[in-house]
Asker: 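I am attaching a structure below and will ask some questions about it afterwards.
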Amino acid sequence: LDGVSPKLVKKAADARGPAIMALADVGDFEDARTLLAMGADVVSLRGADLEFVQWLAGAMTEYDSLSGWCNAPKHICAGGDLRGLAFCCPPVKSCAVFGALKRAGLTPEEYVNRKIAAARGTPLEKGEGTCFGSLVWCCKIGKPCYLRDEALARADLSEREYMELKKKLAEKILPKIH
Ligand code: SF4
Ligand code: SF4
């Protein structure tokens, strides 16, 4: 990618400031997805022709409706921005979640309480048989896991619906600064 680095976008996104526009030479779908998945709100398509812009906008819309969260972050321990807390476990072992919570301005207790409160009354509360007994603590759909997939099937939730719920969860648990 020519222009801003995805890591820099993540750093800016984690600061939870105003919306971020990533200026880079976006040449294809993957370039745009990488920047959005690191927390950019907007990507600039400088120099792109109208046909490419229309194609990319259509591809992004389609990907969003198929995936449920087109700019879903990576797991925190894989370098994702703070929205990745939606896929984190409870803070029970020493791992990257503690650093992320510090950056988010949340204590471990606040994080647990916010997640439980945000999931209350939603299908994410279910999840018998998963590592922590609730889908609220479960990993991103791209991480293969038969325990989660069985819980999703029992809750009659599609992969897309699961990711949509995780997106809402991320919005609810992160403190709003802007
Ligand atoms: S809580 Fe789980 S997903 Fe989150 S950083 Fe730690 S090991 Fe990774
Ligand atoms: S059950 Fe699977 S998806 Fe859920 S937390 Fe455990 S490993 Fe992750």
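Every number for a ligand or one of its atoms is a count from 1 in the order of the listing.
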Asker: Could you report the tightest heavy-atom contact between His75 and Cys139, atom names first, then the distance?
Answerer: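 In this case the closest contact between His75 and Cys139 is CE1-CB, 3.4 Å.
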Asker: How far is atom 6 (Fe) of ligand 2 from its nearest protein heavy atom, and which residue and atom name does that atom have?
Answerer: Cys131 SG, 2.3 Å
Asker: At what distance is the nearest protein heavy atom to atom 4 (Fe) of ligand 2, and which residue and atom is it?
Answerer: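 Result for atom 4 (Fe) of ligand 2: Cys138 SG, 2.4 Å.
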Asker: Where is the tightest heavy-atom contact between Ala151 and Glu128, given as atom of each residue plus distance?
Answerer: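 Ala151 and Glu128 have their closest heavy atoms at CB-O, 4.3 Å.
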Asker: Search all heavy atoms of Cys89 against all heavy atoms of Phe132 and return the closest pair with its distance.
Answerer: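 What the structure gives for the nearest pair is CB-CE1, 3.5 Å.
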Asker: What is the distance from atom CD of Glu164 to atom CG of Leu157, rounded to the nearest 0.5 Å?
Answerer: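 These two atoms lie 10.0 Å from each other.
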Asker: Considering only heavy atoms of Trp137, which atoms of ligand 2 have at least one such atom less than 4.0 Å away?
Answerer: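 Once the distances to Trp137 are compared, the set is 5 (S).
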Asker: Considering only the protein, which heavy-atom contact is closest to atom 8 (Fe) of ligand 2, and what is its distance?
Answerer: Cys139 SG, 2.3 Å
Asker: Just wondering, is there an N, O or S atom on Cys77 that's nearer than 2.8 Å to atom 8 (Fe) of ligand 1?
Answerer: yes
Asker: Which bit of Cys145 is near ligand 2, meaning a heavy atom under 4.0 Å away: side chain, backbone, both or neither?
Answerer: side chain
Asker: Give the residue, atom name and distance (to 0.1 Å) of the protein heavy atom nearest atom 2 (Fe) of ligand 1.
Answerer: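 Closest protein heavy atom to atom 2 (Fe) of ligand 1: Cys89 SG, 2.5 Å.
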Asker: Counting from 1, what ligand 1 atoms have a heavy atom of Cys88 closer than 4.0 Å?
Answerer: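 Going through ligand 1 atom by atom, the ones under 4.0 Å from Cys88 are 1 (S), 3 (S), 4 (Fe), 5 (S).
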Asker: If I compare all heavy atoms of Lys74 with all of Met38, which pair ends up nearest, and what's the gap?
Answerer: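 So the two residues come closest at NZ-CE, 4.3 Å.
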Asker: So, for Ser67 and Met163, which heavy atoms are closest and what is the spacing to 0.1 Å?
Answerer: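 Ser67 and Met163 have their closest heavy atoms at O-CB, 3.3 Å.
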Asker: Minimum heavy-atom separation for Trp69 and Ala170, please, with both atom names.
Answerer: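 The pair with the smallest heavy-atom distance is CH2-CB, 3.8 Å.
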Asker: Which atoms from ligand 2 have a heavy atom of Thr130 less than 4.0 Å away?
Answerer: 1 (S)
Asker: Quick check on contacts: which atoms of ligand 1 are under 4.0 angstrom from a heavy atom of Cys95?
Answerer: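 Answer for ligand 1: 1 (S), 5 (S), 6 (Fe), 7 (S).
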